[in-house]
There are 2 protein chains.
Amino acid sequence: MPERRVTMADVARKAGVSPTTASFALSGRTDMRISDASRERVLEAARELGYRPNVTARSLRTKSTQTIGFVSDRITTTPFAGDVIRGAMEAARERDNLLFITEAGGDRAAESSLVHALLDRQVDAVIYASMFTRYVTPPKELFGRRVVLLNCLAPGFDAPSVVPDELEAGRDAARALLAAGHTEGIWAIGGHQAVPATPEGIIAGNERMRGLEEVLRAGGARLDGVVECDWDTRDGYREVSALLAAGHRPRALVCLTDRVSMGAYQALGEAGLSVPGDVSVVSFDDQDIAAVLRPALTTLKLPHYRLGRLAVELILGEGPLEAAVHRVPMPLQDRASIGTPATR
Amino acid sequence: MPERRVTMADVARKAGVSPTTASFALSGRTDMRISDASRERVLEAARELGYRPNVTARSLRTKSTQTIGFVSDRITTTPFAGDVIRGAMEAARERDNLLFITEAGGDRAAESSLVHALLDRQVDAVIYASMFTRYVTPPKELFGRRVVLLNCLAPGFDAPSVVPDELEAGRDAARALLAAGHTEGIWAIGGHQAVPATPEGIIAGNERMRGLEEVLRAGGARLDGVVECDWDTRDGYREVSALLAAGHRPRALVCLTDRVSMGAYQALGEAGLSVPGDVSVVSFDDQDIAAVLRPALTTLKLPHYRLGRLAVELILGEGPLEAAVHRVPMPLQDRASIGTPATR
DNA sequence: GCATCTTGCTAATCCGATTTAACAACGGAG
DNA sequence: CTCCGTTGTTAAATCGGATTAGCAAGATGC
């Protein structure tokens with residue numbers, strides 16, 4: 001049975017002052033003249049009693065619960081996207097905030113219900129997050145509220161977005177290939193926007209391809225072909241097998257995600273081709289498999305942690321939120337899957 | 001600018017009754033005689049105004065915030081353990097509760113600070129979770145509180161624990177091998193408790209091995225050897241390579257975790273041995289790689305979702321919490337890595 | 001016809017803080 | 001000696017609900 005919590009009234013009584021004085025002393029407000037002696041006695045009493053303010057009670061008056069709601073479609077289940085939550089959480093903690101984490105599973109009704117549950121608990125702000133970078137329409141309950149969109153964009157919805165810089169990542173993939181000397185026999189596996197589950201289309205594929213082609217072209221290289229397929233291991237395996245069976249001999253593969261890379265590794269291995277000796281591979285996302293594949297995969301990392309952190313930093317910043325798009329760099333994880341082009 | 005929230009006073013005014021009557025009508029209490037007419041008017045007014053009770057304000061009086069705190073060492077970052085959170089979250093939602101998710105990163109001071117932050121917000125209960133199944137000592141702030149231990153055990157701490165049934169999983173691994181006809185040439189890779197980062201020792205390794213050996217022996221089979229190593233891909237690769245280099249010819253490998261299995265696959269592949277033609281592999285955990293390895297890995301799944309769900313169900317159950325240990329079955333994911341023993 | 005019960009409703013308090021308005025006590029100016 | 005401005009402090013109101021105690025009006029009992 002937890003003993004009754006110490007209240008401010010207890011502190012005031014022990015310090016021999018009124019609750020009002022205790023409140024001012026504890027909140028450290030200077031506009032409300034408290035003698036040093038009184039302040040000291042209150043602080044001392046609070047320390048001795050182990051007083052901690054009841055945030056819930058305080059919020060009734062101040063309207064601030066120091067609490068942020070986090071609504072996502074499926075983000076907690078996505079491999080490694082837990083880093084988004086960790087980034088958000090740590091940034092929140094640094095400013096004495098806590099996070100309500102919720103997941104609607106893509107269900108609009110569940111989403112509304114969750115947002116209501118959050119608002120009923122007086123959250124100060126809401127982070128609306130998506131598993132894939134895509135266009136969304138936030139539930140109407142969020143209109144006019146303090147919101148940051150995480151990993152998604154909502155034209156017409158007045159809130160800042162935080163997204164990975166996919167375009168620049170595409171460019172960096174091209175730069176990495178060019179730097180190793182690749183100018184021909186380059187294939188892209190995974191295509192532009194091949195995830196069937198997202199009708200709005202995912203942004204990642206398009207922007208990665210755009211950046212890739214732009215820099216390749218500028219560097220005097222070209223893409224031999226683009227294979228459209230789902231972003232999973234099975235499809236990567238099948239498409240690369242088919243490519244090889246058709247007689248093509250790629251020197252470099254740009255896989256649109258690590259899962260596809262893993263499938264590509266399997267297909268190349270079965271064909272007796274080595275990475276990066278015969279074929280270089282550069283990838284995107286840096287999922288957990290990327291570092292344990294052999295050879296370790298060179299990939300452009302989704303900056304999960306920084307995405308989560310930036311979202312919270314924006315939300316807890318002063319002043320109104322501007323409807324800008326914040327792009328977070330995707331750092332190159334330079335490992336072992338890119339080599340100099342194989343000589344024929 | 002969100003317009004002022006509708007309060008119960010607004011509803012009462014619109015319905016032409018006192019706030020007291022509105023409160024009773026809305027809470028549906030039968031012990032406090034409200035005429036059907038009044039009740040109907042209040043409900044109608046609430047509906048029209050879109051009234052939602054302020055949970056924060058209510059909790060000031062009732063002491064219940066319908067909110068649960070979740071404290072873990074690193075669980076949000078563990079691959080796929082997001083399922084724990086999802087299970088907990090969904091169970092919470094079904095009973096109109098929300099979850100504060102926090103992560104202390106193994107830091108005792110941070111842990112205390114987080115628990116305080118939770119208690120300051122008047123959480124009704126706390127789930128104390130660990131990434132690995134192990135012994136823990138919860139922070140003193142949690143003593144006497146409503147707590148459920150998730151994936152950990154704390155002797156002397158009066159709270160229920162929810163853990164995977166590792167012992168039975170070990171037995172099931174043995175049964176799967178016996179059923180396929182394996183009785184000799186069986187090696188265990190990963191050993192008893194080889195994770196260096198957990199000084200308390202992890203329970204999983206020991207119990208898995210115990211169940212494995214027990215059923216193997218009862219079935220007239222035996223373990224040719226146990227290789228102790230870290231639970232990661234690199235070590236699995238190195239140890240299995242060494243095993244083969246030493247001239248051993250295992251017919252079945254029991255890998256203590258999927259990461260080790262992945263390393264084993266790599267080593268076996270390099271040695272020209274096929275799975276399951278030459279060597280069967282059975283594993284534990286069912287991480288995300290298990291299903292995408294080729295051949296797909298047969299493994300005993302860590303029941304993340306059900307662990308999280310059960311913890312919340314216990315916490316939101318009626319009455320006091322008993323200090324019992326709840327073991328959740330680890331279902332066999334029967335895929336393609338076990339075959340009949342190779343003939344010499 | 002008067003005392004007693006029900007029935008239906010509401011005034012007043014409380015929960016734990018913050019904040020506004022006001023009030024003593026004191027010192028200096030005139 | 002009075003007036004006024006500081007300084008330090010506190011009573012009271014407030015936030016949005018839940019709950020206790022009590023109060024009218026009508027029904028019932030004898």
Side-chain angles (χ1 to χ4, degrees), chain A residues 2-43 45-46 49-67 96 119-124, chain B residues 2-43 45-46 49-67 96 119-124:
Chain A
E3 64 294 347
R4 198 178 62 79
R5 240 180 111 94
V6 175
T7 72
M8 214 180 58
D10 298 328
V11 174
R13 202 171 308 120
K14 171 150 186 147
V17 299
S18 73
T20 309
T21 301
S23 175
F24 286 135
L26 287 166
S27 65
R29 285 177 49 167
T30 49
D31 57 334
M32 222 55 194
R33 302 170 309 221
I34 302 289
S35 69
D36 289 349
S38 295
R39 186 194 320 284
E40 207 35 70
R41 281 218 310 292
V42 170
L43 262 29
L49 294 174
Y51 169 73
R52 305 210 40 132
N54 179 329
V55 176
T56 301
R58 169 193 293 165
S59 77
L60 195 52
R61 194 79 232 264
T62 62
K63 300 301 175 199
S64 163
T65 51
Q66 301 183 67
T67 292
D96 291 318
L119 297 179
D120 292 349
R121 286 169 182 75
Q122 312 295 109
V123 294
D124 296 339
Chain B
E3 65 293 348
R4 198 178 62 81
R5 240 180 110 96
V6 175
T7 72
M8 212 179 59
D10 297 328
V11 174
R13 202 171 309 120
K14 172 150 185 146
V17 299
S18 72
T20 309
T21 301
S23 175
F24 286 131
L26 288 167
S27 64
R29 285 178 48 166
T30 50
D31 58 332
M32 221 57 194
R33 301 170 309 223
I34 301 288
S35 70
D36 290 349
S38 295
R39 186 194 320 283
E40 205 37 68
R41 280 217 313 290
V42 170
L43 261 30
L49 294 175
Y51 168 72
R52 307 212 92 223
N54 179 330
V55 177
T56 299
R58 170 194 290 165
S59 76
L60 197 52
R61 192 79 228 264
T62 63
K63 302 301 175 196
S64 163
T65 50
Q66 301 183 69
T67 293
D96 291 317
L119 297 178
D120 291 350
R121 286 169 182 76
Q122 312 295 108
V123 295
D124 296 339

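Basis for what follows: all heavy atoms, side chains included, without hydrogens, waters or symmetry-related copies. Letters A, B, ... are given to chains in the order of the sequence lines, protein chains preceding strands, and every chain is numbered from 1. The structure displayed is predicted, hence computed values, not measured ones.
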**Request:** In sequence, state the C-alpha distance, the side-chain angles, and the governing distance for A/T67 and A/R121, and then conclude on side chain to side chain donor-acceptor pair (under 3.5 Å).
**Result:** CA-CA 9 Å; A/T67 292; A/R121 286 169 182 75; over 6 Å; no
**Residue whose closest nucleotide on DNA chain D lies nearer the 5' end, A/G16 versus B/A57** = A/G16
**Prompt:** Is there any salt bridge (Lys or Arg N to Asp or Glu O under 4.0 Å) pair reaching into residues 12-21 of chain A, and which pairs are they, with sequence neighbours excluded?
**Reply:** A/D10-A/R13, A/K14-A/E48
**Item:** B/S/- contact track for nucleotides 18-28 of chain D, protein heavy atom under 4.0 Å
**Value:** BBBB-------
**Message:** According to side-chain hydrogen bond (donor to acceptor under 3.5 Å, both in side chains), who are the partners of B/D31, at least two apart in sequence or on a separate chain?
**Reply:** B/R29
**Asked** Taking atom C1' of D/dG17 as reference, at what distance in whole Å does atom CZ of B/R52 sit?
**Response** 15 Å
**Request:** Would you kindly give the CZ-to-C1' distance between B/R5 and D/dC15, to the nearest whole Å?
**Result:** 13 Å
**Heavy-atom contact window of chain B on DNA chain C, given 5' to 3' at under 4.0 Å** = C/dT7 to C/dG16
So what does [X] touch, heavy atoms closer than 4.0 Å: a base, only the sugar-phosphate, or nothing?
{"X": "A/V55", "answer": "nothing"}
{"X": "B/T56", "answer": "nothing"}
{"X": "A/S35", "answer": "sugar-phosphate"}

**Asked** Under 3.5 Å, is there a donor-acceptor pair between the side chain of A/R52 and the main chain of B/D120?
**Response** no
**Message:** Would the distance check show the side chain of A/T65 and the main-chain N or O of A/Q122 forming a donor-acceptor pair, the cut-off being under 3.5 Å?
**Reply:** yes
**Axial bend angle, the helix from C/dG1-D/dC30 to C/dG30-D/dC1: five-pair end segments, nearest 10°** = 70°
**Asked** OP1 or OP2 of D/dT10 less than 4.0 angstrom from a side-chain nitrogen or oxygen of A/T21, does that happen here?
**Response** yes
**Prompt:** Do you know which two heavy atoms are closest between A/L60 and B/A57, and how far apart they sit?
**Reply:** CD1-CB, 3.4 Å
**Request:** Over all heavy atoms of both residues, which pair between A/S59 and A/S64 is shortest? Give the atoms and the distance, please.
**Result:** CB-O, 3.3 Å
**Prompt:** Heavy-atom distance under 4.5 Å between the side chains of B/Q66 and B/R58, does that happen here?
**Reply:** yes
**Item:** Non-hydrogen side-chain atoms of B/R5 and A/L119 separated by less than 4.5 Å
**Value:** yes
**Message:** Under the criterion side-chain contact (heavy atoms from CB on, under 4.5 Å), I'd like the reasoning laid out for B/N54 against B/T7: C-alpha separation, chi angles, the key distance, then a yes or no.
**Reply:** CA-CA 8 Å; B/N54 179 330; B/T7 72; over 6 Å; no
Using atom types as modelled, flag every donor-acceptor pair under 3.5 Å from a side chain in residues 20-28 of chain A to any protein atom, sequence neighbours excluded.
residue	atom	partner	partner atom	Å
A/T21	OG1	A/S18	OG	3.2
A/S27	OG	A/S23	O	3.0
A/S27	OG	A/F24	O	3.4

